[in-house]
Amino acid sequence: MICVAIANQKGGVGKTTTAINVATAMAAIGWKTLLIDLDPQGNASTGLGIPADARETSSYDVLVDNADIAACLKGSDIPGLDVVPATQDLSGAEIELVSAEDRVFRLRNALAQSNAYDICFIDCPPSLGLLTLNALAAADTLLVPLQCEFFALEGLSQLLQTVEHVTERFNANLGIVGIALTMFDRRNRLTDQVADDVRDCLGNLVFEAVIPRNVRLSEAPSHGLPALIYDHNCSGSRAYINLAKELIGRLQETRKAA
Ligand SMILES: Nc1ncnc2c1ncn2[C@@H]1O[C@H](COP(=O)(O)OP(=O)(O)O)[C@@H](O)[C@H]1O
Ligand SMILES: [Mg+2]
């Protein structure tokens, strides 16, 4: 199983939208896919049609009570896509785990027991706290959604420092599969400029596929559906399909190299 963390400590940059739609694309082409919701807000769970009152078990149980992933799963409406949902309890996990010696490795240990999937995505909360550290310690690689806005690069350097810290201390094998530009607006010269700057600065690390600002992407979660199902032909869905294709190519390359 390949494990991809989707992280950026900024909120509202498209982590959850990316997690839901890329996971859906992978499931659609037949990869057995798991999505772990690691944000106490539970937006990925909601966006995949799992209402709060249906989350009897969750990622909180995996992290805090060492529950098996297999015991905390929910199916989704998308064949081949399972979810470990998140509940608000998860916001207390950072404190509850503070004295646990293996607190950074809870998710990694749980995933080591789970081999029913080809790929696992972890939707991280908007912080660099213990939850995100658990994701980075468990992941093979990191996908960073980056909103095309003026301060985008500033937050990125902090994230990259955290990745360096994690590779030194917790997970020497952690890679960065790519940076995905999100909420791109063709009509806004500033987003254009930011996208160019990011490519100048980070080169090939940036995916070719750019996710446009698209209202269908933001409507889909209120229907409990991935945009790919809600409107598979909208510009946002088409961009996520391209991103998923590129992701597969990059994952297969790193696999070959390993
Ligand atoms: N490309 C996009 N175009 C329009 N709205 C988007 C796009 N990506 C995300 N959104 C909306 O922006 C908000 C934040 O996105 P989300 O994926 O939840 O970000 P994060 O998980 O990083 O906080 C949500 O309301 C989402 O529906
Ligand atoms: Mg989110």
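Just so you know, residue 1 is the first one in the sequence shown, and it goes up from there. In listed order, ligands and their atoms are each counted from 1. Atoms considered below: every heavy atom in the structure, side chains included; atoms not considered: hydrogens, waters and symmetry mates. Keep in mind the model is a prediction, meaning the values are calculated, not measured.
With respect to D118 and K32, no salt bridge is recorded, no charged nitrogen being found less than 4.0 Å from a carboxylate O. Using a cut-off of 4.0 Å between Lys/Arg side-chain N and Asp/Glu carboxylate O, K74 and E56 are scored as salt-bridged. Salt bridge annotation for E154-K10: absent, with no cationic side-chain nitrogen under 4.0 angstrom from a carboxylate oxygen. We find that R250 and E253 are not joined by a salt bridge, their nearest charged nitrogen and carboxylate oxygen being 4.0 Å or further apart.
L156 and V163 fall within the same hydrophobic cluster, defined by Ile, Leu, Val, Met, Phe, Trp and Tyr side-chain heavy atoms under 4.5 Å apart, directly or through other members. Linking Ile, Leu, Val, Met, Phe, Trp and Tyr residues whenever their side-chain heavy atoms come within less than 4.5 Å leaves V206 and L143 in two separate clusters.
Among V4, L35, T33, I36, the single residue meeting the side chain to side chain contact (heavy atoms under 4.5 Å, CB included) criterion with C120 is I36. A side chain to side chain donor-acceptor pair (under 3.5 Å) with T16 is found for exactly one of D39, D123, N43, N21, namely D123.
Within the 4.0 Å cut-off (strictly below), no protein heavy atom is located near atom 25 (O) of ligand 1. Under the 4.0 angstrom criterion, atom 13 (C) of ligand 1 counts as lacking any protein heavy-atom contact.
Q113 and N109 form no side-chain donor-acceptor contact under 3.5 Å, judged by distance and modelled atom types alone. With no hydrogens or angles considered, a side-chain donor-acceptor pair links R55 and T46 at under 3.5 Å.
Not a single heavy atom of P126 sits less than 4.0 Å from an atom of ligand 1. Under a 4.0 angstrom heavy-atom cut-off, P212 registers as being in contact with ligand 1.
Close approach to V13 involves these atoms of ligand 1, each under 4.0 Å from a residue heavy atom: 19 (O), 20 (P), 22 (O).
Looking at atom 7 (C) of ligand 1, its nearest protein heavy atom turns out to be M183 CG, 3.9 Å. Scanning all protein heavy atoms for the shortest distance to atom 5 (N) of ligand 1 gives S218 CB, 3.6 Å. From the protein, the heavy atom lying nearest to atom 19 (O) of ligand 1 is G14 N, 3.0 Å.
When only interatomic distances are considered, the shortest N/O to N/O separation between R213 and ligand 1 does not fall below 3.5 Å. Between I211 and ligand 1, no pair of N/O atoms sits closer than 3.5 Å. Inclusion of G12 in the set of residues having an N or O under 3.5 Å from an N or O of ligand 1 is warranted. For ligand 1, the polar-atom distance check against T16 finds a nitrogen or oxygen pair separated by under 3.5 Å. Checked against a 3.5 angstrom limit, the closest N/O atoms of N214 and ligand 1 fall inside it. The distance criterion of under 3.5 Å between nitrogen or oxygen atoms is not met by T18 with respect to ligand 1. Considering backbone and side-chain N/O atoms, G11 never comes within less than 3.5 Å of an N/O atom of ligand 1.
Residue T16: an N/O/S atom is found under 2.8 Å from the Mg ion (ligand 2).
Residue nearest to atom 16 (P) of ligand 1, selected from T17, V215, L181, I20: T17 (by heavy-atom distance).
In this pair, Y230 and H223 present their aromatic rings parallel. The plane angle is below 30°, not in the 30 to 60° band.
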